[in-house]
Structure formats: structure tokens, C-alpha cells
> 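Here it is: the structure, laid out below.
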Amino acid sequence: MTINEKQDELIEEFEYLTDWVDKYENIIQIGKELPLIDEQYKQDKYLIKGCQSKVWLYPELRDGRVYFTADSDAIISKGLVSLIVKVLSGFSPTEIRNADLYFIDRIGLKEHLSPTRSNGLLSMVKQIKLYAIAYDSSLLNR
Amino acid sequence: MTINEKQDELIEEFEYLTDWVDKYENIIQIGKELPLIDEQYKQDKYLIKGCQSKVWLYPELRDGRVYFTADSDAIISKGLVSLIVKVLSGFSPTEIRNADLYFIDRIGLKEHLSPTRSNGLLSMVKQIKLYAIAYDSSLLNR
Amino acid sequence: MEVNTENIVKQFLYQGEPVAQQFPALHQSVYGKPLIYFDNAATTQKPYSVIHAISDYYSTINSNIHRGVHYLSQKATEAYEVSRNTVASFINARSSSEVIFTKGTTDGINLIADTFGSYAVNEGDSVIISAMEHHSNIVPWQIMCGKRGATLKVIPMNEAGELLMDEYEKLLDETVKIVAVTYVSNTLGTVNPVKKIIELAHLNGTPVLIDAAQAVQHISIDVQDLDCDFLAFSGHKMYGPTGIGILYGKEEWLEKLPPYQGGGDMIKTVTFKGTEYNDLPFKFEAGTPHIEGAITLKSAVDFITELGMDEISAFETGLLHYASTQVREIPRVEIIGNAIAKTSALSLSVKGVHPYDVGVLLDKMGIAVRTGHHCTQPVMDFYCIPGTVRLSFAVYNTTDEIDRFTESLQRAINMLV
Amino acid sequence: MEVNTENIVKQFLYQGEPVAQQFPALHQSVYGKPLIYFDNAATTQKPYSVIHAISDYYSTINSNIHRGVHYLSQKATEAYEVSRNTVASFINARSSSEVIFTKGTTDGINLIADTFGSYAVNEGDSVIISAMEHHSNIVPWQIMCGKRGATLKVIPMNEAGELLMDEYEKLLDETVKIVAVTYVSNTLGTVNPVKKIIELAHLNGTPVLIDAAQAVQHISIDVQDLDCDFLAFSGHKMYGPTGIGILYGKEEWLEKLPPYQGGGDMIKTVTFKGTEYNDLPFKFEAGTPHIEGAITLKSAVDFITELGMDEISAFETGLLHYASTQVREIPRVEIIGNAIAKTSALSLSVKGVHPYDVGVLLDKMGIAVRTGHHCTQPVMDFYCIPGTVRLSFAVYNTTDEIDRFTESLQRAINMLV
Ligand SMILES: Cc1ncc(COP(=O)(O)O)c(C=O)c1O
Ligand SMILES: Cc1ncc(COP(=O)(O)O)c(C=O)c1O
């Protein structure tokens with residue numbers, strides 16, 4: 001599946017959830033599928049800035065693809081990061097940095113992209129793109 | 001004539017001037033009747049604060065009555081101070097300090113009593129009352 | 001604490017109608033649910049009287065003040081000074097020249113921290129604040145102490161969220177140049193014994209600044225009775241417009257302090273050699289002020305006065321007790337801040353649940369609460385929590401809304417654990 | 001200077017209608033005469049779009065910003081940041097984090113004077129301003145120089161009201177830490193060669209603050225093209241609400257400067273030990289900002305953009321030329337300020353007549369002009385006059401109004417001499 005196919009799948013999944021509370025119920029569920037970050041990486045270095053809750057995100061490059069693990073102390077933030085990880089994890093740095101994440105708006109989470117500092121979806125996306133750029137330009141090859 | 005009779009006279013005089021410009025024409029005329037301050041007293045000491053224009057006011061106690069002379073570099077301010085001098089000059093300190101200057105409102109000059117700092121009618125009245133109080137309590141007997 | 005919920009007024013009536021009808025913003029749905037606005041400590045909604053006063057101002061007398069001889073300018077100046085007088089009576093200031101228009105509480109506190117700092121604080125001196133201050137009553141003092149080489153001392157509090165007055169007394173020594181404490185805690189709802197705090201400070205010869213941002217809309221304030229030296233609050237938290245606030249200061253202090261900002265209106269004469277400053281209150285109002293805000297703050301004060309501050313206090317305390325009783329019934333919910341004297345703000349912590357999650361879900365159910373540290377990080381550190389879910393009440397809230405809140409909270413918790 | 005008054009546009013049309021129709025306050029009588037408002041340099045009137053935007057804000061999304069997860073707070077935050085972006089494009093800032101919401105021009109200049117002073121000015125250093133500055137661009141520098149032991153140097157001007165660039169160059173030495181000049185003189189109407197001023201300062205390694213209070217509503221501004229380091233202006237002089245202004249600063253400077261006020265929103269973390277400041281632009285926006293003002297400033301900018309800044313400039317210059325030509329016909333009247341590059345403000349002096357008298361009589365004839373020193377006392381001292389009668393134009397003024405003005409002025413003079 002491509003990034004866009006993954007996005008479309010999510011859009012379809014959310015389409016039937018007309019009530020906002022149901023949407024969030026689903027986000028919480030998706031959070032449970034998040035590949036969890038190893039406890040040793042729960043450091044400030046991997047903390048995403050701009051969240052009212054704490055979100056840690058850890059990237060790993062394997063065979064030219066980036067895999068993410070993450071966690072949060074808040075369940076909804078965990079759901080949000082899980083959505084993004086679901087869509088972007090396992091792709092090449094180039095694919096990730098070029099990805100247009102239209103699904104966020106389409107499933108009604110655009111509010112989380114506003115430049116408020118109370119939530120961190122925007123920061124999560126930014127951070128992931130920064131990792132991808134760094135890998136892409138071999139700045140962070142290990 | 002009492003202070004109030006003088007006020008009533010002025011009120012009557014202005015009553016027939018319905019146009020604002022005519023009122024001010026009259027104020028300018030009245031300014032020409034102002035007993036002018038002696039040049040030697042045109043000092044900061046006799047300057048009234050709070051005017052966009054300069055107004056000098058000089059009090060003199062003779063036989064228990066206060067006489068005022070004044071001047072201004074602006075013609076309308078001169079008219080305004082002249083109105084007040086007309087009403088209050090030649091009375092005893094007690095009469096002056098107790099005077100209720102209702103004519104100002106009645107001839108439509110209330111705006112000049114507002115606490116803005118661009119005009120000085122309020123400051124003129126205050127200063128005259130201060131002089132009267134000072135004479136009354138013999139603080140300023142010469 | 002057992003509260004008799006029978007006696008609690010369900011809603012505040014104004015001329016026989018629910019007062020909420022005066023507030024247009026309350027009559028909307030968010031996410032398809034009717035809005036319940038419980039974020040009043042952040043900012044209140046505005047009654048029609050204030051909104052209309054703003055439109056009226058801009059449609060009629062809008063003009064720059066103090067300097068113009070023309071009609072509009074005279075009218076605007078008059079309205080501006082009338083509003084100042086209204087505020088002066090509202091807090092019972094001796095004179096309206098003790099009432100300075102600022103941008104808000106933060107601006108007022110910064111003004112005093114900066115000017116008082118230059119005037120009276122030197123190397124080795126100290127400043128006292130309390131453990132429950134808003135960042136706006138911490139950071140200005142930190143900055144000032146940093147500049148002047150002074151120390152910041154903190155009155156500690158107990159678990160209930162009450163200041164330890166014994167400890168306060170011990171902190172009061174000859175190094176203390178000023179005490180700055182909040183009247184009401186925006187996070188815990190604690191009403192501090194400010195009168196006692198002021199009395200003790202004065203025995204030490206120390207002036208006191210009261211942060212009244214969370215008091216002025218809930219409690220009747222008499223600055224002469226309190227005998228505070230400075231007091232600051234914001235218009236937007238008391239049904240008034242944004243961008244305007246009040247700094248009260250005793251005339252003797254304001255006369256002594258150097259000016260804060262320089263500019264038009266705060267001067268008498270300017271030459272390149274030097275400047276003579278204007279009389280109070282203008283000395284502290286540099287530049288064109290927020291004329292609209294200052295003039296229409298009067299409408300907000302009038303609104304409060306018309307409802308009656310005592311009635312407001314009684315009603316809001318009723319709501320607070322009602323809500324406290326209700327939430328105690330919900331498993332896992334704990335009230336943060338259990339002072340005996342409390343008003344209007346109710347902070348909750350839900351065991352095992354992040355406050356952010358609760359806030360997001362309540363929002364989706366149409367209920368606006370605030371989550372986070374509420375600009376009081378040291379309070380969060382004290383309780384070792386990442387934040388709280390805070391409800392804060394205003395006159396237009398109702399017990400029905402609290403009922404819907406408790407149901408929604410229960411539903412959110414069920415989803416989250 | 002002979003102006004061809006044939007080509008002058010009589011009034012500005014907006015969608016085929018006189019633009020004045022957009023301004024409710026213009027349609028009133030004072031003292032029984034239809035109002036003519038020529039006091040625009042003090043503050044402009046507001047179009048319906050701005051007034052309605054304010055009512056809308058308070059009737060819908062009113063909420064505190066940046067900290068709330070709830071719907072209203074998100075909406076208000078979004079609108080606040082959208083407005084910042086709009087302003088950033090309007091002045092062509094590199095990034096919206098270079099755009100700081102202030103209380104007004106005076107607040108912005110004080111912010112820089114204070115923080116730049118602490119950062120870069122020491123004993124023996126100097127600051128350059130000009131002979132035609134508004135008090136708001138004099139006093140903050142005087143205060144700062146007083147605190148830091150620095151000297152204030154003044155670029156002189158000629159009789160026409162033009163800065164002497166040669167003298168400026170001579171003043172620029174290694175002691176000069178900052179230059180602060182006005183783009184347009186509020187008294188003389190002079191448009192200063194700020195681009196050249198900035199260029200010369202930069203050759204000396206000195207940053208420049210531009211006071212754009214009287215420029216931003218009349219002249220298209222591109223901060224990148226000007227290459228100014230700081231630029232300040234007020235909302236209320238550009239058809240926007242009171243109590244809001246903009247401080248533009250180059251990111252590299254704003255990053256370096258210490259914060260100005262302390263409080264909520266400008267911090268990342270606070271403990272009693274210390275505080276970590278927030279990123280730009282929030283570092284300089286302490287406390288609850290003037291949310292209404294910031295959000296609705298966008299409507300004012302949109303209004304200007306829709307009319308077109310070039311069209312506005314051309315029209316207003318036309319009015320200025322028309323008025324200048326007309327008043328020259330009146331005996332005793334002299335124009336104060338005869339720079340070649342002028343915009344929108346026309347100061348008059350009447351031989352043997354006090355400006356206050358003229359102002360009072362014009363007011364009674366329904367015409368609002370400003371009289372006095374216009375917060376530029378040094379300019380009055382330069383010309384040895386007690387003040388001027390100043391007309392200042394906005395888009396809604398017309399040549400018919402100027403005709404009525406000249407008749408009225410003639411009548412006033414006849415009464416006064
Ligand atoms: C040139 C100039 N600078 C600064 C200011 C001060 O602006 P404000 O009073 O809005 O702070 C003004 C307006 O009075 C001005 O004309
Ligand atoms: C106790 C307290 N102090 C100060 C402030 C700061 O008020 P403002 O943001 O209006 O300046 C607030 C409000 O946030 C507060 O609750």
C-alpha cells in the first residue's frame with residue numbers, strides 16, 4: 001500500500017462516524033495499535049514540543065525505510081500519533097518527506113493542525129518530516 | 001449686583017444666540033472688555049495650567065474685595081476668562097469661594113468644564129477659587 | 001462537607017429572565033451540541049450591553065482623546081474619564097487619579113514590578129510572592145529581581161491549597177520590599193486572606209500588590225478597606241472587552257514611582273534636553289490608550305453593579321458547591337484545591353487519566369473547560385500532576401449545565417479507562 | 001508649486017459608491033452642522049467591516065487563545081494567527097513570527113527602547129532620533145538613555161521640514177547603537193528618506209527602528225525592501241480598533257533581545273528558580289492579548305488592501321495638493337512644513353491668530369481639526385510657534401469638504417482679527 005492508499009483507508013473508516021465522540025472513540029482504539037517506543041527512548045530528546053500532553057517519537061531506518069515507535073501520556077495524543085505512524089511508518093525518507101497528509105483534514109482533525117500550542121499534531125508531523133529530511137540527506141545515518 | 005444677578009444677565013444675553021458661531025462671536029466681544037493684567041505679572045506664577053493657550057490671571061485684594069486682571073494669547077480663552085472675571089471680580093473672598101457658577105452650563109460652555117486638558121475654563125475657575133480661599137484664610141494678605 | 005443542594009439557585013435571573021439571554025455567544029452549538037461555557041476564568045463572554053457599547057462608540061464619538069478641542073474628541077475624552085470614575089467607585093478608590101488604564105492584569109503587574117523595582121529594590125533585597133501565583137505574578141518579579149540583584153521568596157501552601165500564614169510571617173523581614181499575592185487562585189479557587197496579608201506586610205513597612213484578576217468579578221472589592229497599595233485586574237475576565245485592564249495604586253506611591261512607558265499623553269513638556277511628566281493618572285498612560293476598551297469597560301462594571309455583587313457571589317458560590325458535590329460522586333475524580341474559602345474555580349484530577357484527554361472529549365460533547373497548568377506550573381509541580389481539568393463559573397452558568405457536565409465527564413472517563 | 005486641480009479626484013469611490021458610506025461615524029451633525037472629520041492623523045474612523053467584525057467576534061468565538069483545547073479557543077486562536085499572517089503579508093515580513101501584537105506604536109517603541117537598551121546600550125553610547133519625532137519616539141529613548149548613561153543625538157531639519165542628511169551622516173559614528181526615525185511626520189507631513197537613512201545606518205553597523213504610525217495607512221510598506229530592523233505602527237490610525245498595534249522586528253534581532261514584560265503565554269516553563277521563555281513571537285506577548293483588536297485588525301488591513309494602497313496614496317496626495325493650493329489663497333495663512341515629499345498632513349499657521357482659536361471656531365462650524373503641538377513640541381520650538389492647525393486626510397475625505405473648510409477658515413479668521 002502507498003501512503004495515499006493508507007490515507008484513503010483511514011478516510012473511509014472515519015467516514016461513517018458522524019458523531020464527534022465516536023470519531024474520538026475510534027482514535028482511542030487506533031492508539032492501542034501503536035507500536036510502542038522502547039522505554040529507554042522516553043527521553044527529552046525524543047519528546048515532541050508543543051503538546052499539552054507528552055508525546056515521544058522514535059525513528060529507525062531499516063533497509064532504506066523509516067519505522068516509527070511512539071507513546072504518549074495522554075490517550076488521545078497516543079491515538080493521533082498512532083494515526084500518523086500508521087500512515088507513514090515503513091516508507092522511504094523521500095516518500096515521507098514528500099507526503100501530502102490530506103487525510104488529517106478529511107477525517108476532521110484539521111483543528112489539531114492549527115498553530116495553537118495546546119495540541120501537537122502539527123508538531124508531530126513536522127518532527128516526522130524533519131527526521132525524513134535528515135535521513136534523506138544522510139545527516140542521521142547510523 | 002450679586003454674583004447670581006451677574007450670571008443671570010449673561011445667561012439672558014446668550015439666550016438669543018442660537019447659532020454656536022454667534023455665541024463665540026459674543027465671547028470674543030466680551031474678551032475685549034477684560035481688564036488687562038499688568039505686563040509685569042505675565043509670569044509663570046500667574047499662568048493657568050491646563051490650557052492649550054496661555055492664560056495669565058492676577059488677583060488683587062482691595063477693601064476686602066478681590067479684583068482680577070487677566071490676559072491670554074488666544075482670543076477665545078481671553079473671552080472665557082473675561083466671562084468669569086465679569087461675574088466674580090469685585091466680590092469678597094467668601095462670596096467668590098461659595099459661588100455656584102451655574103451660568104457656564106446654562107450658556108452652553110459646559111464642554112469647557114470637561115476634564116480634558118486642551119482647554120482651561122475648569123482650571124481658571126479652580127484657580128480663582130483657590131485665590132479666594134487663600135485670601136479668606138488670610139494666607140495671602142498683602 | 002455536606003451541601004444542601006435544595007437551596008441552590010438553578011440560574012441567575014435578570015429582570016425575570018435567565019441572565020444567559022444577555023450573552024449572544026452562549027446561544028450556539030459546537031459539534032452539534034449546545035455550548036456550555038465553563039472557561040470563565042480564562043475569559044468571560046460579553047453581554048449585549050458591552051457589545052453594543054463598542055459598536056456605538058465606533059459609530060458615534062470615536063476620536064482620539066485628551067488633546068483635541070473638537071466635539072468628538074471632547075465627547076470621547078469625557079466618556080473615557082467617566083469610565084475611570086465608574087471604576088474608581090466600583091473598587092472604592094479615594095480618587096480617580098489612582099485608577100490607571102492598562103492592557104490587563106499582566107501589564108499592570110509589569111508596570112509595578114519595573115517602576116517599583118527601579119524605585120525601591122536593590123542588591124540583597126527581596127520580594128514575596130506565593131506558591132499559587134499565576135505566571136503573570138511570578139515572571140515580572142523574577143525579571144525585576146534578576147535586574148536588581150534581589151531574591152524572590154515564596155509563601156508555601158498546604159495540601160488543601162491554603163497559604164501558610166505562619167511561614168509568611170517568618171519571611172517578612174527588613175529585606176522584603178514588596179509583597180505580591182493573588183486574591184483568588186485561578187487554579188485552586190482559594191480565596192486568600194489578603195486583608196491579613198496586607199496588615200502583616202504593613203507592620204513590616206512593606207507595600208502589597210494584589211492580583212485581583214480572579215477576584216474582581218466574583219467578590220466585592222474595597223481598596224480602602226483592604227488597604228492594598230496596588231491592585232491589578234483585567235476587563236476581559238469581568239464581562240468587558242479584551243486589551244483593557246486596571247491598575248489601582250495609592251496616590252502616594254504612584255506619585256513617587258518613575259514613569260513606565262514614555263510617549264504622548266504622559267508628558268507635560270518635551271525638549272530634547274528633557275521631559276516633564278504629566279500628573280496622575282496620565283503619567284502612566286503613554287500613547288493613545290485603548291479608548292474603546294476603556295470607555296466600554298464602564299458597561300461591564302455597570303452590568304455587574306446592576307446584577308449586584310453580593311448576589312453574584314452568593315449565586316456563584318452556590319454553583320461551586322453544587323458542582324463540587326456532584327463530581328465527588330464520580331469514581332476516580334479528585335478535587336484539586338480544597339481550601340475552606342473558595343470561589344468559582346473548580347480543578348479536577350481524574351486518576352489514571354490525562355486532563356488533556358478529558359478536555360478533548362468534553363469539548364466534543366459541547367462543553368468548554370480548560371485543561372493544563374492554567375499558567376500556574378508551580379502549583380502543578382506542588383501536586384505532582386501534569387495539569388487539571390478546570391471548570392470556572394460565571395453568572396450565566398446553571399445547575400443544569402453542571403448536571404450535563406457530570407454526565408459527560410462520566411462518559412469521557414468510561415471511554416478513557 | 002502649481003497644481004493642476006482639474007485632475008484631482010473629488011472623492012474615493014468604493015464599488016461605485018463614495019467610500020464615506022462605509023463609515024457610520026461620518027454621518028452625523030455636530031452643533032447642527034454636518035461633520036467634517038479632518039483629524040485622521042490622531043485616529044481614523046472605522047468602516048462597518050471592522051465594527052461588524054468586532055461584534056461578530058464577541059458574539060461567536062470570543063475566548064482566550066493559545067491555551068485552550070476547546071472549540072471556541074481553537075477558533076479564536078486560529079483567527080488571531082490568521083490576522084498575524086495577514087499583517088505579515090501586508091508589510092511583506094519574511095515570517096509571521098516577526099510580527100508582534102502590541103498596544104500601539106508607543107508600546108512597540110518602548111518595547112524596543114527597553115529591551116534593546118538592556119541588550120546593547122552602555123555608558124558613552126548614543127541613540128539617533130530626528131528633529132521631527134513624535135513624543136512617543138523621543139521619551140522612550142530619553143528614559144532608556146537616562147538609565148544606560150547614553151546620549152540622545154538629533155538629526156536636524158531645514159525650514160521646509162526636511163531632515164539634513166549630511167548632518168545625519170556626521171552623527172553616525174561608532175557610539176551610535178540604534179537609529180529611530182519616523183517615516184512620515186505627523187505634524188509636517190514630511191515623508192522621510194527612510195530607505196537611505198537605513199542604508200547609511202547599516203553601513204555604520206547600526207540597526208534602525210522606523211516609526212510608521214503615519215505611514216502605514218498612506219504608503220505601501222515593504223519591510224524587506226526597506227531593510228529596517230524594527231518598525232512600529234498602530235491599528236487605530238489605519239481604520240482598525242484601538243488598543244492594538246504592530247511591532248515588526250527582524251527575527252535575528254528579536255531572538256537576541258531579552259523579553260519585555262513577563263507573564264502568561266510568553267513562557268515555556270516556569271519554576272520559582274527560573275523561567276524558560278517561549279519562541280517568537282510569543283516571547284514578546286505576555287498575558288492575555290487584545291484578542292478582539294488583534295483579530296479585527298485583519299478587517300482593517302483587508303479594507304485597505306481592497307481599496308488598493310496605490311490608489312489610496314494617489315487620492316490622498318491629490319487631496320493634500322488641492323488643500324494646499326486652496327489655503328495658499330487665504331491671506332495670513334502659512335503652511336508649516338513644505339517638504340517636497342509630503343503626505344496627508346497639512347499644518348497651518350495663521351499670522352496673528354492662535355491656533356486654539358481657529359480650532360474652536362472650526363469645531364463650531366462642524367469641522368474637526370487638531371490644534372496644538374501634536375505631541376511634537378520640539379517641532380513647535382523649531383518654528384517658534386505655539387502650535388498649528390492641522391488637517392489630516394483619510395480615504396473618505398473629499399475636495400468638497402476641503403472647500404467647506406477653506407470657507408470656514410476664512411470666516412474664522414475674519415472673526416479673530
Ligand atoms: C508619528 C507618530 N508616532 C507615534 C505615534 C503614537 O502612536 P500611538 O499613540 O497610537 O501609540 C503617533 C500618533 O499619535 C504618531 O503620529
Ligand atoms: C490570577 C491571575 N493573575 C493574572 C492573570 C493574567 O491576566 P491577563 O492575562 O488578563 O493579563 C490571570 C489570568 O489569566 C489570572 O488568573
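A note on names: the letters A, B, ... follow the listed sequences, proteins ahead of strands, and every chain is numbered from 1.
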> Show the nearest heavy-atom pair for residues A/Tyr24 and C/Met415, with the distance to one decimal.
C-CE, 4.4 Å
> Crowded around A/Glu33 CD? As in, over 12 foreign heavy atoms under 6.0 Å?
yes
> Side chain, backbone, both or neither: which part of A/Ile75 has a non-hydrogen atom closer than 4.5 Å to chain C?
both
> Is it the side chain or the backbone of A/Ser72 that comes within 4.5 Å of chain C heavy atoms, both, or neither?
neither
> Check the surroundings of atom CZ in C/Arg404: do more than 12 heavy atoms from other residues, nucleotides or ligands lie under 6.0 Å from it?
yes
> Is the number of heavy atoms from other residues, nucleotides or ligands within 6.0 Å of NZ (A/Lys42) greater than 12?
yes
> Tell me the closest heavy-atom pair linking A/Val21 and C/Met365, and the distance in Å.
CG2-CG, 3.8 Å
> With a 4.0 Å cut-off, would you call C/Lys33 and A/Asp19 a salt bridge?
yes
> Enter the distance from C/Tyr31:OH to A/Lys23:NZ here, rounded to the nearest 0.5 Å.
10.5 Å
> Of all heavy-atom pairs between C/Asp357 and A/Ile76, which one has the smallest distance, and what is that distance?
OD1-N, 2.7 Å
